[in-house]
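In what follows, a structure is listed as structure tokens, so that the remarks can point back to it.
For reference, positions follow the sequence shown, starting with 1. Note that this is a predicted model, so its numbers are computed, not measured.
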Amino acid sequence: MRVLVPVKRVIDYAVKIRVVGGAVETNNVKHSLNPFDEIAVEEAVRLKEKKIAKEVVAFSVGPSKSQEVLRTALAMGADKAVHVETDEQVNPLQVAKLIRAFVDKDKPDLVILGKQAIDDDSNQVGQMLGGLLNWPQATFASKVEIADKKITVTREIDGGLETIETQLPAIVTADLRLNEPRYATLPNIMKAKKKPLEKLTPKDLGVDVKPTLETVSVEEPPKRVGGGKVKDVDELVQKLKADGLV
């Protein structure tokens with residue numbers, strides 16, 4: 001069984017986001033592998049360690065610096081990486097189309113990716129990919145089991161857990177509690193530099209990534225104002241009316 005793991009380069013989760021000139025400041029800001037995609041890589045590598053998967057391929061769309069997160073995935077245990085290089089701001093549907101085109105070419109048995117990226121929180125690529133490929137999908141996975149060409153996924157839903165079973169090939173999106181990713185050791189980081197990294201363009205995959213969405217502006221949320229004490233309900237109502245809240 002072969003596993004494809006799409007990953008994304010995002011601003012590191014520990015960085016405080018700054019808005020400058022109506023846009024998120026990205027210059028000289030630390031970027032890293034999207035945490036949910038890191039969980040997906042870990043799950044794929046564990047499947048390989050259990051002898052269920054034979055090969056794990058990491059896949060990313062983005063500028064040249066996206067190779068950094070692919071090297072991270074390789075250091076965690078992926079066998080090879082594929083980078084679709086573009087400087088365009090691709091939307092979730094375009095990413096799903098690029099993955100679909102590569103899946104048609106590479107023929108993996110399973111696609112595991114993070115349920116969402118922490119920069120745009122779209123939570124769309126996995127579901128769109130399932131629709132484009134007409135493959136079954138199991139989203140928000142907290143547990144994955146594979147046997148006899150069937151995959152059983154426990155997924156988190158409002159108020160509890162849901163267990164579903166389907167045939168491979170399939171799409172799985174990883175939730176936070178699926179596993180705890182390993183740290184890439186220095187020897188594995190050095191080995192990752194020698195692992196194959198294939199470079200493609202959207203044109204190679206026959207996908208148009210011309211921008212279809214425009215971010216007009218980005219604003220920071222207003223700063224919270226400190227609370228205050230009131231003597232009684234009447235004073236509270238007066239303050240609420242003065243602030244236009246009632």
Quick one: side chains of residues 121-129, donor-acceptor pairs under 3.5 Å with protein atoms, not counting sequence neighbours, listed by atom name and distance.
{"unit_1": "Asp121", "atom_1": "OD1", "unit_2": "Gln116", "atom_2": "NE2", "d": "2.7"}
{"unit_1": "Ser122", "atom_1": "OG", "unit_2": "Asp120", "atom_2": "OD2", "d": "3.4"}
{"unit_1": "Asn123", "atom_1": "OD1", "unit_2": "Gln127", "atom_2": "NE2", "d": "3.3"}

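Listed by first and then second residue, the side chain to side chain donor-acceptor pair (under 3.5 Å) pairs that reach into residues 13-23 come to none, sequence neighbours excluded. Listed by first and then second residue, the ring pair (Phe, Tyr, Trp, His ring centres under 6.0 Å) pairs that reach into residues 65-117 are Phe59-Phe102, sequence neighbours excluded. Applying the salt bridge (Lys or Arg N to Asp or Glu O under 4.0 Å) test to pairs two or more places apart or on separate chains, those with a residue in residues 60-69 are Arg9-Glu68. The salt bridge (Lys or Arg N to Asp or Glu O under 4.0 Å) contacts involving residues 130-152 comprise Lys143-Glu145, Lys150-Glu165, where partners must be two or more places apart or lie in separate chains. Within the structure, side chain to side chain donor-acceptor pair (under 3.5 Å) pairs that include any residue of residues 210-224 comprise Asn91-Thr212 (at least two apart or interchain).
The shortest distance between side-chain heavy atoms of Val57 and Asp79 does not fall below 4.5 Å.
With sequence neighbours excluded, the residues satisfying side chain to side chain contact (heavy atoms under 4.5 Å, CB included) with Lys195 are Leu74. For Asn28, there are no side chain to side chain contact (heavy atoms under 4.5 Å, CB included) partners, not counting sequence neighbours. Residues passing the salt bridge (Lys or Arg N to Asp or Glu O under 4.0 Å) test with Arg2 are Glu55, Asp106, sequence neighbours excluded.
Judged purely by atom type and a 3.5 angstrom limit, Asp204 uses its side chain to pair as donor or acceptor with the backbone of Thr201. Checked by atom type and distance alone, the side chain of Asp119 never pairs as donor or acceptor with a backbone atom of Ile11 at under 3.5 Å. No side-chain donor-acceptor contact under 3.5 Å links Thr154 to the backbone of Ser142.
Taking CD from Glu42 and CG from Asn179, the interatomic distance works out to 5.0 Å, rounded to the nearest 0.5 Å.
Other residues, nucleotides and ligands contribute only 12 or fewer heavy atoms inside 6.0 Å of the NZ atom of Lys97. In Gln167, the CD atom is crowded: over 12 heavy atoms of neighbouring residues, nucleotides or ligands sit closer than 6.0 Å. In this structure, Glu180 places its CD atom where only 12 or fewer heavy-atom neighbours from other residues, nucleotides or ligands lie under 6.0 Å away.
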Should Lys115 and Arg155 be marked as a side-chain contact (heavy atoms from CB on, under 4.5 Å) after you check the CA-CA gap, both sets of side-chain angles, and the distance that decides it? CA-CA 11 Å; Lys115 69 172 184 177; Arg155 58 190 303 269; over 6 Å; no
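Hydrophobic clustering, defined by side-chain heavy atoms of Ile, Leu, Val, Met, Phe, Trp and Tyr closer than 4.5 Å, leaves Tyr183 isolated from every other such residue. Hydrophobic side-chain contacts under 4.5 Å tie Ile189 to no other Ile, Leu, Val, Met, Phe, Trp or Tyr residue. By the 4.5 Å side-chain criterion applied to Ile, Leu, Val, Met, Phe, Trp and Tyr, Leu213 is assigned to no cluster and stands alone.
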